[in-house]
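Let me begin by handing over the structure; questions about it come next.
Throughout, a chain's letter reflects where its sequence line sits, starting with A, and its residues are numbered from 1.
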4 protein chains.
Amino acid sequence: MTTGEISDTSQTVAAGELRAFIERIERLHEERKTIAEDISEIFSEAKGRGFDTKAMKSCIKLRAMDSTQRQEEESILELYKAALGIV
Amino acid sequence: MTTGEISDTSQTVAAGELRAFIERIERLHEERKTIAEDISEIFSEAKGRGFDTKAMKSCIKLRAMDSTQRQEEESILELYKAALGIV
Amino acid sequence: MTTGEISDTSQTVAAGELRAFIERIERLHEERKTIAEDISEIFSEAKGRGFDTKAMKSCIKLRAMDSTQRQEEESILELYKAALGIV
Amino acid sequence: MTTGEISDTSQTVAAGELRAFIERIERLHEERKTIAEDISEIFSEAKGRGFDTKAMKSCIKLRAMDSTQRQEEESILELYKAALGIV
DNA sequence: GATGCGCTTTAAATGC
DNA sequence: GCATTTAAAGCGCATC
């Protein structure tokens, strides 16, 4: 048995494991892509029903935010707006 | 029936529809987030098994490119060469 | 004179012109990149002085917006927030 | 001296500093916008001269890639090949 | 006027 | 924890 053979064997095992990991991830990537497409479809549907998708996205973002952090950000923004004279 | 009532009614209807759209999207966001976490877990697992996650990501990207993007880049390159008069 | 020669000639002229256009654009790209870096530097400096860059960006965006459109967007957002019960 | 006064003072100072930062950024935004318009003009001019602007943009992108990114992609490919045991 | 595409910007993950 | 790098979102344009 040569050093090369040993090396080859261990590398083959690693390659199989690597391939398995990568294929699992690729499968999840596919699922994620499908979901993204579903989301786009819903926005299109909402748009077709006359809704403003931009405002919808803002609402979704607001709902997703932790209320504590959201108020914190809002207060610092108000502070800055005041400092800049933005009404 | 006042104008206000009409306005209120239509807004109520819209509100229900809007809420439905948004909740559908939020549900998909949740699913997408779950998938993202699953992907992270797999990378962690692979890392624990001694694999280099950065290289893995490069591999995944290359495998994704091969199918479509690589060909696309090829065609653009041909266009580019033609534009520069490289036969 | 063959068709090939005619074609070659016109293509040579076009190539020179094309190259000139492209180099002008590339020069402007360089300038634009420099400016982008300058902007980043200022944000870094502001961050080092304790300012919240995210809020700064919001303020800049608000100042850039047409007040009419801004109020319009704000009103539709408020409408949606009310419909969704976002306080 | 009250806490309120201290707070007000620091805020006033911060306001001036904040305003200065933001105005510097806005000035750079203006410059950047001017450049963007210059670029658009060149594309319009090229279009008027019969060139295909989409292909031009592809060319510019490719030329920008050649210097660094292309080599980077090459090196990633080598890494990829090594990971798969392709000698 | 709507829709797809590309770029810019923004949020997030990762490594130092 | 910060700073870089990478994915995602938002935006504008250019087209049909």
Partners passing salt bridge (Lys or Arg N to Asp or Glu O under 4.0 Å) against C:K54 (at least two apart in sequence or in another chain):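 Salt bridge (Lys or Arg N to Asp or Glu O under 4.0 Å) check on C:K54 returns A:E73.
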
Partner set under salt bridge (Lys or Arg N to Asp or Glu O under 4.0 Å) for C:E31, not counting sequence neighbours: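 Counting only residues at least two positions away or on another chain, C:E31 forms no salt bridge (Lys or Arg N to Asp or Glu O under 4.0 Å).
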
Partners passing side-chain contact (heavy atoms from CB on, under 4.5 Å) against D:E23 (at least two apart in sequence or in another chain):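 Counting only residues at least two positions away or on another chain, D:E23 forms a side-chain contact (heavy atoms from CB on, under 4.5 Å) with C:R63, D:R19, D:E26.
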
Please set out all donor-acceptor pairs under 3.5 angstrom arising from side-chain atoms of residues 44-52 of chain D, sequence neighbours excluded.
from, atom 1, to, atom 2, distance (Å)
D:S44, OG, D:S40, O, 3.1
D:R49, NE, C:E17, OE2, 2.4
D:R49, NH2, C:E17, OE1, 3.3
D:R49, NH2, C:E17, OE2, 3.2
D:D52, OD2, D:A55, N, 3.2

Length of the CG-C1' vector between B:D52 and F:dT5, whole Å: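 These atoms are roughly 15 Å apart.
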
Set of salt bridge (Lys or Arg N to Asp or Glu O under 4.0 Å) partners for A:E72, sequence neighbours left out: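 Not a single residue meets the salt bridge (Lys or Arg N to Asp or Glu O under 4.0 Å) criterion with A:E72.
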
From CA spacing to verdict: side chain to side chain contact (heavy atoms under 4.5 Å, CB included), A:L84, C:L62: CA-CA 11 Å; A:L84 295 171; C:L62 287 170; over 6 Å; no

Start and end of chain D contact along DNA chain E [non-hydrogen atoms, under 4.0 Å]: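 Span of nucleotides near chain D: E:dC7 to E:dT9.
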
Any B:I25 side-chain heavy atom under 4.5 Å of B:H29 side chain: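 They are in contact (side-chain heavy atoms under 4.5 Å apart), so the answer is yes.
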
Rounded interatomic separation in angstrom, taking CZ from A:F43 and C1' from F:dG10: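 Interatomic distance, CZ of A:F43 to C1' of F:dG10: 11 Å.
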
Summary of protein contacts for nucleotides 11-16 of chain F, nucleotide by nucleotide, where a base hit scores B, a sugar-phosphate-only hit scores S (4.0 Å, heavy atoms): S---S-

N/O (side chain, A:R32) to phosphate O (OP1/OP2, F:dA8) under 4.0 Å: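 Result: yes.
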
Nearest-0.5 Å distance, CG of residue D:L28 to NZ of residue D:K33: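 It is 14.5 Å, given to the nearest 0.5 Å.
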
